[in-house]
Amino acid sequence: MRIATWNVNSVRARGERIAAWLQRSDVDVAAVQETKCRDEQFPTELFTDLGYEVAHHGLSQWNGVAVLSRVGLEDVQVGFPGQPGWGDPEAPEARALGAVCGGVRVWSLYVPNGREVDDPHYTYKLRWLEALRAYGAERLAEDPQAGIALCGDFNVAPQDDDVWDMAEFEGSTHVTKPERDAFTSVVEAGFTEVVRPYAPGPGVYTYWDYKQLSFPKRKGMRIDFVLASPALAARVSGALIDREERKGKGASDHAPVMVDLDGGPGDESSAPGTAGLAGA
DNA sequence: ATGACCGTCTAAGACGGA
């Protein structure tokens, strides 16, 4: 079974491109972030026409998360228990959607950006990650064998090698110790980041700014991850950051990230001739 | 070449992104 996570930066601006990528990449389950639309604006038919079921949660032109699956989509959860809110009055944003697909609970997560270190949005980001850790820890305490994938744009570069030049990030969000500690806490709650072993750095990223020729100059950040529960991590057989999809006109500023799992629907051993992911 | 921001809301700039 092949799962993917991708911050698409508007599903309306890029729907055809997303659909073509899904089909070309033989993806079974996709966790999608930054759809930038309300539910009634989501181009559902683009994906149902390809055999995917669709769950989307979007409240405005901001944020928006979806799960697309062709291996079943059940028990949809809008947000996770304890998810912090934003605004006045404070309310949860459209940043988390979970569904059980092919026996795996797949979460599409869009962690708040943080904006600036001295911005209230930064503390919101830290609270959000702490709440995610607490939720994940609770789920694993209830069922240590649960297959859970925390997929998404974490908006944290956990290691110095995850940005092109640490000196350029002096005083910036995404690389501060509190953010990295918050990310590490989710990992230490039992969720292994399963992509890095197959796509090691340095110089391997998932995001490149649209500005200043960042992509051709290879100035990127690794901020999109798949964090797997112990039972799920044991099934991972490969992973790939598809930087080809960042090329050309009409690309998202994030690349899709794919992970292959042994067993479950679409297992390679039961589908001869299907090539697995080779890694970086 | 992979090429010098992009998307949304709204009608010219503001906001968010990271």
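In what follows, chains carry the letters A, B, and so on, assigned in the order in which the sequence lines appear, proteins first and then strands, with residues in each chain numbered from 1.
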**OP:** Could you list the residues that satisfy side chain to side chain contact (heavy atoms under 4.5 Å, CB included) with P43(A), not counting sequence neighbours?
**Re:**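 P43(A) satisfies side chain to side chain contact (heavy atoms under 4.5 Å, CB included) with V11(A), L46(A), F47(A) once adjacent residues are dropped.
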
For [N] and [X] - does any side-chain N or O of the residue sit under 4.0 Å from the phosphate oxygens OP1/OP2?
X	N	value
Y205(A)	dT2(B)	no
R246(A)	dT2(B)	no
R14(A)	dG7(B)	yes

Original post:
So which nucleotide from dG16(B), dA18(B), dA4(B) ends up closest to the side chain of M221(A)?
Top reply: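 Between dG16(B), dA18(B), dA4(B), the one nearest the side chain of M221(A) would be dA18(B).
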
**OP:** Please determine, for the side chain of R115(A), which listed nucleotide (dG7(B), dC5(B), dG17(B)) has the closest atom?
**Re:**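 Looking only at heavy atoms from C-beta outward on R115(A), the closest nucleotide is dG17(B).
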
Original post:
Which value, rounded to the nearest 0.5 Å, describes the distance between Y110(A) atom OH and H57(A) atom NE2?
Top reply: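 The OH atom of Y110(A) sits 14.0 Å away from the NE2 atom of H57(A).
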
Original post:
Which word best sums up how the rings of Y207(A) and H254(A) line up, parallel for under 30°, tilted for 30 to 60°, or perpendicular for over 60°?
Top reply: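 Aromatic pair Y207(A)/H254(A) classed tilted.
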
Using a heavy-atom cut-off of 4.0 Å across all strands, would you classify [X] as base, sugar-phosphate, or nothing?
X	answer
S10(A)	sugar-phosphate
R218(A)	base
D224(A)	nothing
F154(A)	nothing

Subject >> Toward the 5' end of DNA chain B, by each residue's nearest nucleotide, G114(A) or R243(A) >> reply: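 Looking at the nearest nucleotide for each, R243(A) comes out on the 5' side.
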
**OP:** Select from Y210(A) and K247(A) the residue whose nearest nucleotide in DNA chain B is closer to the 5' end of that strand.
**Re:**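 The residue closer to the strand's 5' end, by nearest nucleotide, is K247(A).
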
Original post:
Does the salt bridge (Lys or Arg N to Asp or Glu O under 4.0 Å) test come out yes or no for D28(A) and R2(A), once each step is laid out?
Top reply: CA-CA 5 Å; D28(A) 294 303; R2(A) 178 167 292 172; over 6 Å; no

